[in-house]
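See below for the structure under consideration.
Worth knowing before you read on, the calculation uses all heavy atoms, side chains too, and leaves out hydrogens, waters and symmetry mates.
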Amino acid sequence: MSAPHAARPRIAVVGAAAAGLAAAEGLRRLGWDGEITLVGDEPHPPYDRPPLSKHVLSGSWEPGRTALRDAGQLTELGLDLRLGTRAVAYDPARRTLTLGDAGQTVLRCAGVIAATGVTPRTLPGGDGVEGVHVLRTLEDALALRRRLATPGRRLAVVGGGVLGAEAAAVACALGHQVTLVGTGDTVMGRVLGPEAGRLLADVHRAHGVVLRSGQAVTGVRADAGRATGVVLADGTVVEADDVLLAIGSVPAVDWLRPGAEAAGLDLSDGLRCDEFCAAAPGLYGAGDVARWYHPGLGRELRIEHRMNASEQGLAAARNLLAELDPERFGERRPFTPVPYFWSDQYDLKLQAHGVLAGADRTEVRVLGKDPLRLAALYGTAGRATGILTIGLPPRQTRSLRALIATPAPWPEAITGLTETVAA
């Protein structure tokens, strides 16, 4: 009688968006030949989120175009794909992952990569109200797109960050009446700083968006289950047929809470990880949900950017494998990227490298007579930490990135900025 076959070791990747897919692909590319279970709470195979607030919302893309891989490419990875399924608990000591399917399946894992992203914040009075939207999933984008198919809608966008600004630009271009409500007096001011934020606010005004700046929204106003506007802190009502809540998000860590205290996990702002993206032995984080220590910058970061999701997914996969079998996979490597994000609004493309938020000094250089063709340098504690460009060719943007890849002293970075924009 032959002995039973030993089960193949399993790595579970929880979260089936960009970070999770990058982790799964990285595991295979680096040589993991065990099981890979990819768990996703949406029914769709992995798809790209940045187009949702731009191309999908505008109607220029159909949903299928957002797919990150086709069916054949996913099949080649040999995944145990669990879509439409949530993880509900993870025990770091036993390394068991519990799924929220009908059978409450428990999976024994050699390791787990958390890539569950974030969930949108909401406002009082908005739950279950027709015409109140968030914009995180494909269904979210399609629901708002269907509403905007009716001409002449009044859309109130709550939140002047990247998501709110992009959605406002799309709705305005479609011919709707858009009011953008934000607590600051700029657009994307928390990221871009006051000067660039004011320039972007002027762009939105020039296209017809009404800005209600410096205003907090206390709730949604509804009548017979339908949104009729939002209520500001001073009691003013901004009337609207549809309301988009773009007021930030919360890291999706609830599934980690049952075992967090015993394992010493810090979930106060996402899953806290070290420079290797490790939160505990066998548990790594990637993407929007992960808060990790960046040794090059000497600080913790949690970045909700598309490029970071893919890069960190691969880094988490590499370091988990190195922990499991260092002789085969080598030593772990710190994750020290130069963060990058972009935003398309009207005919503008904004590109940012490094860390802009929280800068204590900013130098903005306008190129020529166009105030919207510029480069801005951001610095903290005497060193350059971020660069923003609008309307610059890729060559110049790449040259500026070099100033912050290894944070340069501020005077040296200013000289580099001057030389680069003059070239």
Legend entry - Backbone of I404 reached by a side-chain donor or acceptor of H353 within 3.5 Å: no

Legend entry - Pairwise side-chain contact, H133 with D242, heavy-atom cut-off 4.5 Å (strictly under): yes

Inset, instruction - Inspect the surroundings of CD in Q104 and state if more than 12 heavy atoms from other residues, nucleotides or ligands are less than 6.0 Å away. - result: yes

Legend entry - Separation between CD1 of I414 and CG of L377, rounded to the nearest 0.5 Å: 5.0 Å

Inset, instruction - Could you tell me whether the side chain of L107 reaches within less than 4.5 Å of the side chain of T96, counting heavy atoms only? - result: no

Legend entry - Between CG on residue L180 and OG on residue S213, distance to nearest 0.5 Å: 7.5 Å

Inset, instruction - State whether E304 and R49 are salt-bridged, where the test is any N-O pair (Lys NZ or Arg NE/NH1/NH2 against Asp/Glu carboxylate O) under 4.0 Å. - result: no

Legend entry - Under 3.5 Å side-chain donor-acceptor pair for T37 and R10: yes

Legend entry - Single hit among L392, V421, I390 for side-chain contact (heavy atoms from CB on, under 4.5 Å) with L374: I390

Legend entry - Contact check, side chains of L68 and P45, non-hydrogen atoms, under 4.5 Å: no

Inset, instruction - Could you tell me which non-hydrogen atom of P63 sits nearest to which non-hydrogen atom of R145, and how far apart they are? - result: CD-NH2, 4.4 Å

Inset, instruction - For residues R306 and D48, determine if any side-chain heavy atom of one lies less than 4.5 Å from a side-chain heavy atom of the other. - result: yes

Inset, instruction - Verify the neighbour count for atom CZ of R136: are there more than 12 heavy atoms of other residues, nucleotides or ligands below 6.0 Å? - result: yes

Inset, instruction - Locate the shortest heavy-atom distance separating G282 from E323; write the atom from each residue and the value. - result: N-OE2, 2.8 Å

Legend entry - Salt-bridge contact K54-D344 (side-chain N to carboxylate O under 4.0 Å): no

Legend entry - Closest approach of C273 to A290 (non-hydrogen atoms, all atoms of both residues): SG-CB, 4.5 Å

Legend entry - Side-chain heavy-atom pair V14, V112 within 4.5 angstrom cut-off: yes

Inset, instruction - Answer yes when E363 and R361 have at least one side-chain N-carboxylate O distance shorter than 4.0 Å, and no when they do not. - result: no

Legend entry - Derivation of the side-chain contact (heavy atoms from CB on, under 4.5 Å) call for R401 and V338: CA-CA 8 Å; R401 180 186 181 279; V338 176; 3.5 Å; yes

Inset, instruction - Report yes if some heavy atom in the side chain of W292 is under 4.5 Å from a heavy atom in the side chain of F335; otherwise report no. - result: yes

Inset, instruction - Look only at the side chain of R272 and the backbone of Y293, and say whether a donor-acceptor pair between them is shorter than 3.5 Å. - result: no

Legend entry - Closest approach of A23 to V13 (non-hydrogen atoms, all atoms of both residues): CB-CG1, 4.2 Å

Legend entry - CG (D370) with more than 12 external heavy atoms under 6.0 Å: yes

Inset, instruction - Heavy atoms only: give me the nearest A171-L148 pair and the separation to one decimal. - result: CB-CD1, 4.2 Å

Inset, instruction - Indicate yes or no for a side-chain donor-acceptor contact from D274 to the backbone of A278 under 3.5 Å, with no hydrogens or angles considered. - result: yes

Legend entry - Residues E25, R69: salt bridge by 4.0 Å N-O rule: yes

For residues 184-197, run the donor-acceptor check on the side chains, cut-off 3.5 Å, and write out each pair with its distance to 0.1 Å, sequence neighbours left out.
| from | atom 1 | to | atom 2 | distance (Å) |
| --- | --- | --- | --- | --- |
| T186 | OG1 | G189 | N | 3.3 |

Legend entry - Polar side chain donor-acceptor pair, W255 to T116, under 3.5 angstrom: yes

Inset, instruction - Can you establish whether the number of heavy atoms outside R299 located under 6.0 Å from its atom CZ is more than 12? - result: no

Legend entry - Exam field: side chain H176 to backbone V178, donor-acceptor pair closer than 3.5 Å: no

Inset, instruction - Using atom types as modelled and distance alone, determine if a side-chain donor or acceptor of S343 lies under 3.5 Å from a backbone N or O of V162. - result: no

Legend entry - Close side-chain approach of I11 and L320, heavy atoms under 4.5 Å: yes

Inset, instruction - Check the pair H44 / E139 against side chain to side chain donor-acceptor pair (under 3.5 Å), numbers first and verdict last. - result: CA-CA 10 Å; H44 311 287; E139 279 77 14; 2.5 Å; yes

Legend entry - Distance, nearest 0.5 Å, that separates CG of L144 from CG of L155: 6.5 Å

Legend entry - Straight-line distance of I247 CD1 to T183 OG1, nearest 0.5 Å: 10.5 Å

Legend entry - Step-by-step salt bridge (charged side-chain N to carboxylate O under 4.0 Å, His left out) determination, R302 to D288: CA-CA 7 Å; R302 189 176 67 80; D288 299 3; over 6 Å; no

Inset, instruction - Return yes if a side-chain donor-acceptor contact under 3.5 Å exists between R365 and T418, otherwise no. - result: yes

Legend entry - Test item: side-chain donor near acceptor, Y47 and R65, under 3.5 Å: no

Inset, instruction - Test L57 against E166 for side-chain contact (heavy atoms from CB on, under 4.5 Å), laying out the working first. - result: CA-CA 10 Å; L57 186 59; E166 289 181 347; over 6 Å; no

Legend entry - Pair T218-L232, side-chain contact (heavy atoms from CB on, under 4.5 Å): steps then yes or no: CA-CA 6 Å; T218 59; L232 306 186; over 6 Å; no

Legend entry - Inter-residue atom distance D266.CG - L271.CG, 0.5 Å rounding: 8.5 Å

Legend entry - Any donor-acceptor N or O pair under 3.5 Å, side chains S268, R291: yes

Legend entry - Flag, side chain of E412 to backbone of P409, donor-acceptor distance under 3.5 Å: no

Legend entry - Nearest-0.5 Å distance that lies between atom CG in L314 and atom CZ in R29: 5.5 Å

Inset, instruction - Give a yes or no answer on whether the side chain of W32 reaches the backbone of E35 with a donor-acceptor pair at less than 3.5 Å. - result: yes

Inset, instruction - Check the pair R318 / Y284 against side chain to side chain donor-acceptor pair (under 3.5 Å), numbers first and verdict last. - result: CA-CA 10 Å; R318 179 188 295 114; Y284 286 70; over 6 Å; no

Legend entry - Side-chain heavy-atom pair R212, T179 within 4.5 angstrom cut-off: yes

Inset, instruction - Examine distances only and state if a side-chain atom of T385 and a backbone atom of V355 form a donor-acceptor pair shorter than 3.5 Å. - result: yes

Inset, instruction - Before giving the answer on side-chain contact (heavy atoms from CB on, under 4.5 Å), spell out for T85 and D41 the whole-Å C-alpha distance, their side-chain angles and the decisive distance to 0.1 Å. - result: CA-CA 5 Å; T85 304; D41 59 359; over 6 Å; no

Legend entry - Check: H55 main-chain N/O paired with S58 side-chain donor or acceptor under 3.5 Å: yes

Legend entry - Candidates F341, W342, Y340 - the one meeting ring-ring contact (aromatic ring centres under 6.0 Å, His included) with H305: F341

Legend entry - R28 side-chain N/O to L77 backbone N/O, donor-acceptor pair under 3.5 Å: yes

Legend entry - Least distance between heavy atoms, T380 atom then A359 atom: OG1-CA, 3.6 Å

